[in-house]
Amino acid sequence: MRLLLDFGNTRVKAAVSDGDGLRSIYCGPADTELLSRAVRGLETDGGMWCSVHPLDAALSQWMTGIGLRPLTSSTPVPIRNGYSSPSTLGMDRMAAAVGAWSISPGHDLLVIDAGTAVTCDFVSAEGEFKGGNIAPGIRLRLKSLHEHTGALPMVQAEGETPLLGYDTETAVRSGVINGMRYELGGFISDLKCKYPSLLVFLTGGDAEFFDIKGKNSIFAVPDLVLRGLARIIGFNEKDI
């Protein structure tokens with residue numbers, strides 16, 4: 001089994017892969033002791049990790065010690081990287097793109113990762129990562145409204161989200177979440193005008209806030225980054 005770790009801004013997700021599928025084993029803080037407990041007793045043979053931020057030395061040493069290697073801009077991947085500055089591309093974005101491509105190769109793909117930041121990345125039907133957009137996520141927007149205004153409260157993302165807010169709390173929540181829904185919907189609509197057969201993959205911790213019911217070209221895949229890491233490992237092993 002291979003150990004896969006996806007370090008986000010607020011938590012880390014870990015899974016093991018035996019080539020046929022993924023099994024989640026941990027989701028929580030990026031803590032060396034907690035992670036080592038989660039993998040204790042598992043017979044793993046190396047693996048891969050990616051992170052949106054630098055990791056502390058103890059955690060990096062622990063991963064190196066159990067045979068994990070990081071996904072970097074120099075790691076061979078099964079899609080072409082058309083980003084003009086590949087060394088600045090977040091590896092979680094590349095892993096998610098590979099994850100989507102592993103599910104639907106040969107299609108135009110939009111990968112939306114809704115977390116602390118919301119990223120929208122496009123992969124062409126020819127298998128080229130073309131780039132995308134980065135915007136603040138739900139909680140960053142809520143926090144910004146609270147911290148940069150004189151009277152607006154800190155509103156939680158969870159709660160009623162009417163089309164029109166009936167008090168300050170629902171007005172803030174609805175403005176942020178419904179605004180993001182329209183933002184993403186508009187981006188999808190514009191891309192579908194250019195790429196009519198576009199498939200959309202939605203992942204990330206805040207994906208639950210975006211309604212995808214009835215949209216048969218939009219797929220929710222919570223473990224898309226981990227799927228991508230597993231596919232990248234397999235791709236590199238075939239080249240050995």
Side-chain angles (χ1 to χ4, degrees), residues 1-79 81 83 85-103 111 113-119 121 129 134 137 139-140 201 203-207 221-240:
M1 293 188 297
R2 301 303 173 88
L3 178 60
L4 312 166
L5 295 103
D6 169 21
F7 291 89
N9 282 296
T10 58
R11 61 180 181 171
V12 56
K13 293 192 290 185
V16 290
S17 170
D18 58 5
D20 296 322
L22 295 177
R23 176 164 63 90
S24 177
I25 60 170
Y26 179 81
C27 181
D31 181 87
T32 305
E33 179 59 29
L34 293 176
L35 282 167
S36 63
R37 288 180 190 173
V39 304
R40 194 170 296 158
L42 296 176
E43 295 183 4
T44 59
D45 180 23
M48 183 171 285
W49 59 272
C50 69
S51 178
V52 300
H53 55 79
L55 301 178
D56 66 63
L59 187 52
S60 297
Q61 290 172 4
W62 173 75
M63 290 190 294
T64 300
I66 60 173
L68 304 187
R69 61 185 186 273
L71 174 62
T72 71
S73 59
S74 61
T75 305
V77 296
I79 60 176
N81 189 349
Y83 213 55
S85 55
S87 63
T88 69
L89 175 65
M91 288 297 98
D92 59 318
R93 294 171 64 190
M94 175 55 73
V98 171
W101 182 258
S102 72
I103 297 171
V111 182
D113 192 339
T116 302
V118 176
T119 58
D121 291 309
F129 180 93
I134 304 173
R139 288 167 179 79
L140 278 180
F201 286 84
T203 193
D206 286 342
V221 185
D223 56 0
L224 200 58
V225 172
L226 296 172
R227 284 175 181 253
L229 293 177
R231 177 67 186 92
I232 292 167
I233 290 175
F235 177 76
N236 281 275
E237 288 178 342
K238 289 179 182 178
D239 285 349
I240 295 176

Hey, could you give me the [atom1]/[atom2] distance between [X] and [Y], rounded to the nearest 0.5 Å?
X: F201; Y: R227; atom1: CZ; atom2: CZ; result: 9.0 Å
X: D92; Y: L226; atom1: CG; atom2: CG; result: 11.5 Å
X: L71; Y: L229; atom1: CG; atom2: CG; result: 6.0 Å
X: I25; Y: L3; atom1: CD1; atom2: CG; result: 5.0 Å
X: L89; Y: T72; atom1: CG; atom2: OG1; result: 11.0 Å
X: R231; Y: I79; atom1: CZ; atom2: CD1; result: 10.5 Å

Evaluate the side-chain proximity of [Y] to [X]: yes if any heavy-atom separation is below 4.5 Å, no if none is.
X: D223; Y: D6; value: no
X: D45; Y: R2; value: yes
X: V77; Y: F129; value: no
X: W49; Y: L55; value: yes
X: Y83; Y: M94; value: no
X: T116; Y: V52; value: no
X: V39; Y: T44; value: no
X: L5; Y: Y26; value: no

Without swapping roles, check the side chain of [X] against the backbone of [Y] for a donor-acceptor pair under 3.5 Å.
X: N236; Y: P76; result: yes
X: S51; Y: H53; result: yes
X: K13; Y: P222; result: yes

Indicate the atoms forming the closest heavy-atom contact of [X] with [Y], along with that distance.
X: V111; Y: A97; value: CG2-CA, 4.1 Å
X: S17; Y: L4; value: CB-CD1, 3.9 Å
X: C50; Y: M91; value: CB-CB, 4.1 Å
X: G205; Y: R11; value: CA-NH2, 3.5 Å
X: W101; Y: P78; value: NE1-O, 4.2 Å
X: A230; Y: L22; value: CB-CD2, 4.3 Å

| field | Step-by-step side chain to side chain contact (heavy atoms under 4.5 Å, CB included) determination, R139 to D206 | value | CA-CA 9 Å; R139 288 167 179 79; D206 286 342; 2.5 Å; yes

| request: Assess whether atom CD of E43 is packed by more than 12 heavy atoms of other residues, nucleotides or ligands within 6.0 Å. | output: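 Not more than 12 within 6.0 Å, no.
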
| request: Verify side chain to side chain contact (heavy atoms under 4.5 Å, CB included) between R23 and L42, making sure each step is shown before the conclusion. | output: CA-CA 12 Å; R23 176 164 63 90; L42 296 176; 3.7 Å; yes

| request: Quick one: do R93 and I134 satisfy side chain to side chain contact (heavy atoms under 4.5 Å, CB included)? Show the steps, please. | output: CA-CA 10 Å; R93 294 171 64 190; I134 304 173; 3.4 Å; yes

